[in-house]
Novice: 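Got a structure here, written out as structure tokens. Questions coming.
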Number of protein chains: 2
Amino acid sequence: MINVRKTAKSKPIPAIVLHRMALYHCLLTDWLLAGRNNSTTSKELANTIGVTDATVRNDLSYLGDETGVRGVGYSISSLRGLLGRFLTLPPSAPIAFVGSTKALGSIFSFFPPEKFGFIATAFFSEDPSDRGTVVNGHEVHSIEAISPALGNLGIKVAVVATLPNWIQHSVNLLAKAGIKGVLIITPSTEVMIPDGVKVLHIRIPCDLKTLLYHANLGEEEEPSSFEMVL
Amino acid sequence: MINVRKTAKSKPIPAIVLHRMALYHCLLTDWLLAGRNNSTTSKELANTIGVTDATVRNDLSYLGDETGVRGVGYSISSLRGLLGRFLTLPPSAPIAFVGSTKALGSIFSFFPPEKFGFIATAFFSEDPSDRGTVVNGHEVHSIEAISPALGNLGIKVAVVATLPNWIQHSVNLLAKAGIKGVLIITPSTEVMIPDGVKVLHIRIPCDLKTLLYHANLGEEEEPSSFEMVL
DNA sequence: TAGATTGTTAATCGATTAACAATC
DNA sequence: TAGATTGTTAATCGATTAACAATC
């Protein structure tokens with residue numbers, strides 16, 4: 001089989017570069033929404049996200065040739081277009097949500113999907129009292145109702161925010177339904193990942209523990225003891 | 001000044017190692033809560049979180065000597081203790097929450113702080129209609145009320161889930177109040193980070209875009225064209 | 001003792017960066 | 001043209017890993 005994907009470099013893209021690609025796309029989208037549509041430079045992108053300009057240019061080289069213009073920079077809108085095509089983002093990507101309406105409804109309060117290029121079109125809850133509820137014009141189904149019908153809706157990724165003991169079952173059903181990517185928001189450390197599915201975890205407790213380490217750096221020992229002198 | 005922190009290696013710990021430290025701590029906590037309290041090995045830890053056993057042992061070497069027992073492995077409870085001390089985790093760490101009660105109340109549905117070694121003891125909302133509400137036995141204050149009094153409560157880290165336009169202001173006030181670590185959950189790409197504060201971002205839209213890339217890998221071009229033959 | 005697993009070093013791997021020719 | 005910035009290479013940096021002596 002021939003190398004089909006038209007990347008400038010034919011090697012698989014490192015995960016960290018891919019993550020920055022998504023971040024560039026988010027950032028450029030923000031700029032466009034804020035009414036900005038001139039050029040930017042690798043230096044500006046680098047400063048904004050906290051890497052070097054060389055890293056940015058290296059990352060963008062995965063997009064192919066003629067990405068920027070020497071001496072000028074990158075067109076914000078066309079760079080965003082290239083990134084979107086590279087990431088295979090449609091204008092609005094349908095996603096499924098799994099979790100109680102309480103959890104999901106409130107995720108929407110800080111992450112309204114439509115504002116970020118997504119559209120929530122399928123809902124599944126582990127809470128029996130959610131049965132029959134309508135969210136965003138879509139009926140909330142039981143988790144058992146997760147089925148390959150999702151594929152017909154064009155849904156390829158799902159967000160999982162169930163109670164912990166429902167995570168594994170949800171992931172298994174999503175995988176069987178042909179879902180290719182799952183973002184797990186409920187803190188969890190042990191999830192068996194079925195073949196053919198990419199799973200990302202958000203881990204709020206781990207992040208907070210990391211922050212606590214930084215918060216107490218250099219404060220652990222009293223600076224007043226004798227032993228410190230030597 | 002003498003190197004105060006008692007790490008085996010005196011170099012600053014790489015961010016990625018620190019992150020795995022927090023993850024080991026979360027994992028061991030899960031195991032203990034599940035009633036397991038025998039030994040584990042670097043191999044088991046490695047398999048569970050998806051790295052090699054050498055990486056695990058290398059990571060744990062930051063904890064000091066006598067971490068494990070040759071030929072045997074690591075005691076789950078004492079390794080957890082060492083990690084907790086290294087990360088400077090108290091039995092229960094007080095945290096502040098900034099955001100509307102709708103957003104915060106529902107974050108608690110998938111992240112109940114007490115279940116993860118945290119205790120939410122201060123609340124600040126940008127929503128005027130939240131004024132006077134009581135959450136977890138604590139009155140919800142306005143964002144302007146963020147003050148150095150937080151330090152007296154022992155609060156060193158905060159979670160921010162406000163609407164986007166309140167993020168920067170919240171972070172600024174938290175920094176001025178002496179908060180050392182902030183976890184921003186509301187998607188955002190441009191936040192100026194004040195000196196002396198460590199900020200982590202959760203970026204649901206970026207994560208979903210990354211997943212979409214994986215979801216469509218290898219599907220972009222029809223495999224039926226002539227040009228594919230050669 | 002034989003088997004297992006740690007702790008650690010040295011080798012490898014891969015990502016970041018400096019630097020600069022190309023070029024707008 | 002002079003100034004700016006890209007695209008890319010080669011050098012650097014740092015993290016991962018293989019391997020094995022130490023030791024339970």
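Each chain gets a letter, A, B and so on, in the order the sequences are listed, and its residues count up from 1.
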Novice: Closer to the 5' end of DNA chain C via nearest nucleotide, is it A:Ala15 or B:Gly73?
Specialist: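 The residue whose closest nucleotide sits nearer the 5' end is B:Gly73.
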
Novice: Tell me the interatomic distance from A:Lys43, atom NZ, to C:dT17, atom P, rounded to whole angstroms.
Specialist: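 Going from A:Lys43 (NZ) to C:dT17 (P), I get 12 Å.
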
Novice: Please check the phosphate of C:dT16 (OP1 and OP2 only) for any side-chain N or O of A:Arg20 closer than 4.0 Å.
Specialist: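 Yes, A:Arg20 has a side-chain N/O under 4.0 Å of OP1/OP2 on C:dT16.
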
Novice: Report the nucleotide, chosen from C:dC24, D:dC24, D:dT17, that has the shortest atom-to-atom distance to any side-chain atom of B:Arg70.
Specialist: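 Selected nucleotide (nearest to the side chain): D:dC24.
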
Novice: Would you call the rings of B:Phe86 and A:Tyr213 parallel, tilted or perpendicular if under 30° counts as parallel and over 60° as perpendicular?
Specialist: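 It falls in the parallel class, under 30°.
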
Novice: Is there a Watson-Crick or G-U wobble partner for C:dC13 with both distances under 3.5 Å, and if so, which one is it?
Specialist: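 Check on C:dC13: paired to D:dG14, both distances under 3.5 Å.
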
Novice: Looking at every heavy atom in both B:Gly154 and B:Pro94, which two are closest together, and how far apart are they?
Specialist: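 Closest approach of B:Gly154 to B:Pro94, heavy atoms only: O-CG, 3.3 Å.
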
Novice: Taking a pair as Watson-Crick or G-U wobble with both distances under 3.5 Å, which nucleotide is matched to C:dT5?
Specialist: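 Pairing partner: D:dA22.
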
Novice: Look at the side chain of B:Glu190 and the backbone N and O of A:Leu27, then say whether any donor-acceptor pair between them is shorter than 3.5 Å.
Specialist: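 Such a contact is absent between B:Glu190 side chain and A:Leu27 backbone.
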
Novice: Using OP1 and OP2 only, check whether a side-chain N or O of A:Ser61 sits under 4.0 Å from D:dT8.
Specialist: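 For D:dT8, OP1/OP2 do not have a side-chain N/O of A:Ser61 under 4.0 Å.
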
Novice: Nearest whole Å is fine: how far is D:dA22 P from B:Asp65 CG?
Specialist: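 In whole Å, D:dA22 P lies 17 Å from B:Asp65 CG.
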
Novice: Does a nitrogen or oxygen in the side chain of A:Tyr74 sit under 4.0 Å from OP1 or OP2 of D:dG7?
Specialist: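 Affirmative; the distance criterion is met.
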
Novice: Applying a 4.0 Å non-hydrogen cut-off, can you work out what A:Thr41 is touching in the nucleic acid: base, sugar-phosphate, or nothing?
Specialist: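 It contacts sugar-phosphate atoms only.
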
Novice: Starting from C1' on C:dA15, measure out to CG on A:Asn58 and report it in whole angstrom.
Specialist: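 That distance rounds to 9 Å.
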
Novice: Roughly, in whole Å, what's the span from CG in A:Leu60 to P in D:dG7?
Specialist: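 In whole Å, D:dG7 P and A:Leu60 CG are 8 Å from each other.
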
Novice: Nearest 0.5 angstrom please: A:His25 NE2 to B:Thr210 OG1, how far?
Specialist: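 Taking NE2 in A:His25 and OG1 in B:Thr210, the distance rounds to 11.5 Å.
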
Novice: Within the pair B:Ser42 and C:dT5, is there a side-chain N or O less than 4.0 Å away from OP1 or OP2?
Specialist: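 Checking B:Ser42 against C:dT5: no side-chain N or O falls below 4.0 Å of OP1 or OP2.
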
Novice: Which is more 5' along DNA chain C, the nucleotide nearest B:Gly68 or the one nearest A:Thr55? Just name the residue.
Specialist: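 Closest to the 5' end, via its nearest nucleotide, is B:Gly68.
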
Novice: Measure from the side-chain heavy atoms of A:Pro14 and tell me the nearest of C:dA15, D:dA18, D:dT16.
Specialist: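 Within the option list, the nearest is C:dA15.
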
Novice: CG of A:Asp53 versus P of D:dT8: gap in Å, rounded?
Specialist: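 Answer to the nearest Å: 15 Å.
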
Novice: Quick test of your reading of the model: are B:Arg203 and B:Asp207 salt-bridged, counting only N-O distances below 4.0 Å?
Specialist: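 Looking at B:Asp207 together with B:Arg203, the answer is no, because their closest N to O distance does not fall below 4.0 Å.
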
Novice: Specify the separation, in whole Å, of atom CD1 of A:Ile13 and atom P of C:dG14.
Specialist: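 Checked: the CD1 to P distance equals 15 Å.
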
Novice: Mind calculating the distance between CD1 (A:Ile16) and P (D:dT16) to the nearest angstrom?
Specialist: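 Interatomic distance, CD1 of A:Ile16 to P of D:dT16: 11 Å.
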
Novice: So, is B:Arg57 near the phosphate of C:dG7, with a side-chain N or O under 4.0 Å from OP1 or OP2?
Specialist: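 No, because none of the side-chain N or O atoms of B:Arg57 sits under 4.0 Å from OP1 or OP2 of C:dG7.
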
Novice: Which whole-number value in Å describes the distance from B:Asn38 CG to C:dA4 P?
Specialist: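 Taking atom P of C:dA4 as the reference, CG of B:Asn38 is at 18 Å.
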
